[in-house]
Amino acid sequence: MNTQPAFDTLTEAVQWLNQKGFTEDFNLKNDCIILNNFLNLYPKDFRIEYTFRFEGDTDQGDEDIVYGIASEKHSIKGIMTSAYGIYADEMSTELIKKLSVN
């Protein structure tokens, strides 16, 4: 994982990642991440280069994580945001392991 700055807001993290070339918008499916509803990236197809975690001060619903994701196989870099904790999306064990933040 690369050295990264700390940000106060999700928007700041996304803007910084965009400047680093992470311009695609990934979405989460049960066993993969998806780009534009046609390209499925399974855990073996991508790596997590950056992660930013944001915790709400008063509302647990404000807990989010931003991933900077790269796929050499498909020559793309992008961003995925996801809730975590009690609002986490349902996903496969393999994908959970890939997206886990240490």
Side-chain angles (χ1 to χ4, degrees):
M1 188 159 318
N2 295 313
T3 303
Q4 64 189 36
F7 296 105
D8 293 326
T9 68
L10 185 140
T11 302
E12 290 172 336
V14 168
Q15 289 173 343
W16 184 82
L17 285 166
N18 284 160
Q19 292 172 355
K20 293 284 189 188
F22 293 81
T23 56
E24 300 295 343
D25 184 23
F26 295 110
N27 291 296
L28 189 60
K29 284 181 68 174
N30 180 272
D31 60 346
C32 64
I33 60 175
I34 188 167
L35 175 64
N36 298 329
N37 290 322
F38 74 90
L39 178 62
N40 292 343
L41 297 175
Y42 294 91
K44 64 180 174 42
D45 298 330
F46 67 90
R47 71 181 180 283
I48 306 296
E49 291 199 3
Y50 298 98
T51 57
F52 299 96
R53 179 174 270 190
F54 299 94
E55 297 181 13
D57 292 332
T58 57
D59 182 1
Q60 289 187 351
D62 289 340
E63 296 179 347
D64 286 296
I65 189 161
V66 177
Y67 298 96
I69 297 171
S71 173
E72 290 178 14
K73 178 179 179 178
H74 297 287
S75 300
I76 54 174
K77 294 195 308 188
I79 298 168
M80 183 178 73
T81 60
S82 179
Y84 65 92
I86 62 173
Y87 296 100
D89 298 301
E90 185 176 324
M91 64 185 102
S92 70
T93 303
E94 185 179 4
L95 193 55
I96 289 170
K97 287 178 185 175
K98 183 77 172 199
L99 300 176
S100 292
V101 177
N102 297 328

Do Tyr50 and Phe22 have their ring centres less than 6.0 Å from each other?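 So the answer is yes for these two rings.
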What are the two closest non-hydrogen atoms of [X] and [Y], and how far apart are they?
X     : Y     : result
Thr51 : Tyr67 : CG2-CD2, 3.6 Å
Leu28 : Ser82 : CD2-OG, 4.0 Å
Phe52 : Phe54 : CB-CE1, 3.6 Å
Phe7  : Ala13 : CD1-CA, 3.7 Å
Ala70 : Glu49 : CB-OE2, 3.3 Å
Leu35 : Ile76 : CD2-CD1, 3.8 Å

So if I apply the side-chain contact (heavy atoms from CB on, under 4.5 Å) rule between Phe26 and each of Ile79, Asn36, Leu41, Thr81, which one comes out positive?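 Of all the options given, the one that passes is Leu41.
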According to a 4.5 Å side-chain heavy-atom criterion applied to Ile, Leu, Val, Met, Phe, Trp and Tyr, with indirect links allowed, do Ile34 and Ile65 form part of one hydrophobic cluster?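 The answer is no; the residues belong to distinct hydrophobic clusters.
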Any link between Val14 and Trp16 through a network of hydrophobic side chains (Ile, Leu, Val, Met, Phe, Trp, Tyr) touching at under 4.5 Å?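 Yes; Trp16 is reachable from Val14 via cluster members.
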Could you measure the distance from the [atom1] atom of [X] to the [atom2] atom of [Y]? Nearest 0.5 Å is fine.
X     : Y     : atom1 : atom2 : value
Met80 : Ile48 : CE    : CD1   : 6.5 Å
Lys73 : Leu39 : NZ    : CG    : 9.0 Å
Ile33 : Asp25 : CD1   : CG    : 10.5 Å

Are Gln15 and Thr11 side-chain neighbours, meaning at least one heavy-atom pair lies under 4.5 Å?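 Gln15 reaches Thr11 side chain to side chain.
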Give a yes or no answer on whether the side chain of Ser71 reaches the backbone of Asp45 with a donor-acceptor pair at less than 3.5 Å.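 Answer holds: yes.
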Please determine whether a side-chain nitrogen of the Lys or Arg among Glu72 and Arg47 lies less than 4.0 Å from a carboxylate oxygen of the Asp or Glu.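 Answer for the salt bridge query: yes.
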